[in-house]
Q: 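Below is a structure I'd like to ask you about.
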Amino acid sequence: MNDRKSRFLMIVGFVVGILVMALGLISESERLLAVFMIAGSVIFFAALIQACIFYRCPHCNHSLMHVRGGIPDYCPNCGKELTE
Ligand SMILES: [Zn+2]
């Protein structure tokens, strides 16, 4: 797992997790709502947790979670290039 794959998985997980929760909200049954809410939350948090673990600078292991607007070209901590 590298930082780019991890970031991609995080975004996909957020989108899928929210979509699953939205599906629950439009479902008629309360039981389905609960199932979709739990499943959506699990997907959402799994995406977040893997990003906390893997979305890091490959050189100094500094987390890139707080960096806004895509993957930076250079690590904000050690200044090394983040391209592969
Ligand atoms: Zn670094």
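The figures that follow rest on heavy atoms only: side chains count, while hydrogens, waters and symmetry mates do not. Atoms within a ligand are numbered from 1 in the order they appear, just like the ligands themselves.
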Q: Give a yes or no answer on whether the side chain of Ser41 reaches the backbone of Met37 with a donor-acceptor pair at less than 3.5 Å.
A: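 Yes, Ser41 side chain to Met37 backbone: donor-acceptor pair under 3.5 Å.
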Q: Look only at the side chain of His59 and the backbone of Glu81, and say whether a donor-acceptor pair between them is shorter than 3.5 Å.
A: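 Looks like yes, one N/O pair under 3.5 Å.
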Q: Under 2.8 Å from the Zn ion (ligand 1), which protein atoms of type N, O or S occur, listed by chain and number?
A: Cys57 SG, Cys60 SG, Cys75 SG, Cys78 SG
Q: List the atom of Gln50, the atom of Met10, and the distance in Å for their closest heavy-atom pair.
A: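 In this case the closest contact between Gln50 and Met10 is NE2-N, 3.3 Å.
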Q: May I ask you to decide if Gly24's main-chain N or O and Ser27's side chain share a donor-acceptor pair within less than 3.5 Å?
A: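 Checked: pair present.
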Q: Contact between Pro58 and Leu82 at the side-chain level, heavy atoms closer than 4.5 Å - yes or no?
A: yes
Q: Out of curiosity, does Phe36 fall in the hydrophobic cluster containing Phe44 (side-chain heavy atoms, cut-off under 4.5 Å, transitive links)?
A: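 They do not share one cluster, since no chain of ILVMFWY contacts under 4.5 Å joins Phe44 to Phe36.
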